[in-house]
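A short worksheet on the structure shown next.
Note that the structure is a prediction, hence the values are computed from the model and not measured.
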Amino acid sequence: MSGDLGPVRTVTEAAAAVLGSAEPATKAERSRRMASLWRAGELAVENGGPPMPDRPARPERPELLPPGRMPRRRIGRGRAGRFALLHAVAHIEFNAIDLAWDLVGRFADGGLPDRFFADWIAVGDDEARHFMLVESRLRALGGGYGDLPAHDGLWEAAASTADDLLARLAIVPMVLEARGLDVTPDMIRRLDAAGDTGSAAVLRVIYEDEIGHVAAGRHWFEVIAGHRGLPPEETWQALVRERFRGGLKPPFNAEARDRAGFPERFWGPPAAS
């Protein structure tokens with residue numbers, strides 16, 4: 001690969017290159033470039049690559065605040081409200097690039113099949129594309145990513161599951177991305193009602209892609225739980241209780257979750273005995 005990185009030959013080197021990029025456009029471009037290298041057969045899965053950082057490189061902006069100090073966003077307040085909502089989505093997608101590549105690099109020594117890496121590198125590629133799409137909408141509204149404060153809750157989820165691939169899969173795709181399936185349809189409806197059909201169209205792309213991300217998370221969770229001799233539903237519920245602060249809250253988009261192969265027996269209320 002050309003540029004200041006030098007040659008990138010393994011999935012762990014690719015993950016380190018993305019995680020080490022602070023500037024948002026560079027991070028997104030590198031994610032897409034690394035995915036292209038994987039698809040071309042130029043990245044090997046090898047043990048003993050560079051360690052993943054405890055925290056990815058971050059730009060100076062946006063300012064990161066505790067979640068409780070984040071201002072509420074309201075689409076009904078015109079351009080400013082829509083900009084705030086899209087900025088929050090951009091921040092999610094920016095973090096999601098790092099979450100995907102950290103998964104690839106951190107757990108590369110686990111004897112996992114190439115199909116695992118293909119799935120999560122594809123997710124990293126999608127998240128970079130999503131970030132670029134949302135950033136284009138922010139520019140159309142006269143600003144850009146970094147103009148508003150954001151919070152660090154998504155990376156906290158990665159830090160709390162850095163020790164266990166099964167926990168990472170339980171929390172990131174099967175809680176955080178599944179939550180996106182729950183809330184995005186309402187955001188789309190409100191953007192359409194506000195006349196911002198361009199932004200609504202971008203969120204529709206993200207929504208459809210993230211059904212696949214949740215499906216990948218559920219698939220690999222069940223595979224790895226099976227290898228460990230663990231029952232998937234009960235194990236997921238126990239990991240959510242142990243690793244996810246705040247618990248699961250409705251509403252739940254059962255239709256989208258079903259499309260992802262993530263049925264109510266995982267996340268619904270306990271069955272009556």
Side-chain angles (χ1 to χ4, degrees), residues 15-16 18-20 24 27 31 51-59 62-70 87-108 110 116 119-121 123-124 126-128 130-131 134 145 149-184 206 209-222 224-225 232 235-250 252-253 256-257 260 262 266-267:
V18 176
L19 293 163
K27 189 182 292 288
S31 180
M52 296 302 103
D54 291 336
R55 182 175 178 79
R58 285 286 182 262
E63 177 189 8
L64 296 178
L65 300 175
R69 289 182 53 202
M70 286 294 296
H87 192 278
V89 174
H91 185 64
I92 291 168
E93 300 302 329
F94 180 73
N95 276 269
I97 299 170
D98 286 328
L99 289 168
W101 283 102
D102 185 79
L103 181 71
V104 167
R106 188 171 299 277
F107 300 104
F116 174 89
D119 282 352
W120 295 108
I121 290 171
V123 170
D126 284 348
E127 306 295 15
H130 296 167
F131 175 80
V134 181
Y145 177 60
H151 69 79
D152 206 29
L154 290 173
W155 190 254
E156 290 174 4
S160 72
T161 57
D163 62 318
D164 182 16
L165 174 57
L166 199 62
R168 176 67 62 87
L169 292 169
I171 302 306
V172 175
M174 298 176 73
V175 173
L176 299 179
E177 292 217 61
R179 184 59 178 162
L181 299 183
D182 300 333
V183 301
T184 300
I206 294 172
D209 287 346
E210 291 190 345
I211 289 174
H213 300 178
V214 176
R218 191 273 315 157
H219 169 75
W220 289 109
F221 183 88
E222 292 197 356
I224 293 162
T235 301
W236 181 79
Q237 291 157 8
L239 285 168
V240 171
R241 288 192 298 270
E242 294 166 7
R243 305 285 186 122
F244 185 68
R245 290 186 298 176
L248 304 180
K249 296 180 176 64
F252 300 110
N253 184 344
R257 287 168 176 251
F262 187 34
F266 276 89
W267 47 264

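Side-chain contact between His91 and Leu64 is present, with at least one heavy-atom pair separated by less than 4.5 Å. Side-chain atoms of Pro24 and Pro59, non-hydrogen and from C-beta on, do get closer than 4.5 Å to each other. In this structure, the side chains of Trp236 and Phe262 come closer than 4.5 Å at one or more pairs of heavy atoms. In this structure, Pro173 and His213 have side chains that are not in contact, with every pair of non-hydrogen atoms separated by 4.5 Å or more. With a 4.5 Å cut-off on side-chain heavy atoms, Val89 and Thr184 do not count as touching. Within the 4.5 Å cutoff, the side chain of Lys27 has no heavy atoms near those of the Glu127 side chain. Put simply, the side chain of Ser160 does not reach to within 4.5 Å of the side chain of Trp155, judged on heavy atoms. Within the 4.5 Å cutoff, the side chain of Arg168 has heavy atoms near those of the Asp102 side chain.
Of all non-hydrogen atoms in Ile211 and Ala260, the two that sit nearest each other are O-CB, 3.5 Å. The shortest non-hydrogen separation linking Tyr145 to Ala90 is CD1-CB, 4.0 Å. Closest of all the heavy-atom pairs between Ala150 and Pro62 is CB-CG, 4.0 Å. What you find for Trp120 and Val104 is that their closest heavy atoms are CB-CG2, 3.7 Å.
Scanning for salt bridge (Lys or Arg N to Asp or Glu O under 4.0 Å) contacts around Asp163 gives Arg243, with sequence neighbours left out. Shown here are the side chain to side chain donor-acceptor pair (under 3.5 Å) partners of Glu156, two or more places apart in sequence or in another chain: Arg245.
Taken from CG in Leu99 to CZ in Arg106, the straight-line distance is 10.5 Å, to the nearest 0.5 Å. With rounding to the nearest 0.5 angstrom, the CD atom of Glu177 is 10.0 Å from the CD1 atom of Ile92. With rounding to the nearest 0.5 angstrom, the OG1 atom of Thr161 is 7.0 Å from the CD1 atom of Ile171. Of the inter-residue distances, the one linking Trp101 atom CH2 with Ile121 atom CD1 reads 4.5 Å to the nearest 0.5 angstrom. A distance of 11.5 Å separates CG in Leu103 from CE in Met52, rounded to the nearest 0.5 Å. To the nearest 0.5 Å, the span separating CG on Leu19 from CG on Asp98 amounts to 5.0 Å.
A donor-acceptor pair is defined here as one N or O able to donate and one able to accept, closer than 3.5 Å; no such pair exists between the side chain of Asp119 and the backbone of Ala216. For Arg218 (side chain) and Leu169 (main-chain N/O), no donor-acceptor pair under 3.5 Å exists by modelled atom type. With hydrogens and angles disregarded, no donor-acceptor distance shorter than 3.5 Å links the side chain of Ser31 to the backbone of Ile97. With hydrogens and angles disregarded, no donor-acceptor distance shorter than 3.5 Å links the side chain of Glu93 to the backbone of Val134.
With Val175 as the partner, the side-chain contact (heavy atoms from CB on, under 4.5 Å) test is satisfied by one option alone out of Val214, Leu239, Val240: Val240.
Side-chain polar atoms of Arg58 and Asn95 form a donor-acceptor pair below 3.5 angstrom.
Using the six-membered ring where Trp is involved, Phe116 and Trp220 have ring planes that are perpendicular, over 60° apart on the 30 and 60° scheme.
A salt bridge links Arg55 to Asp152: one of the charged nitrogens lies within less than 4.0 Å of a carboxylate oxygen.
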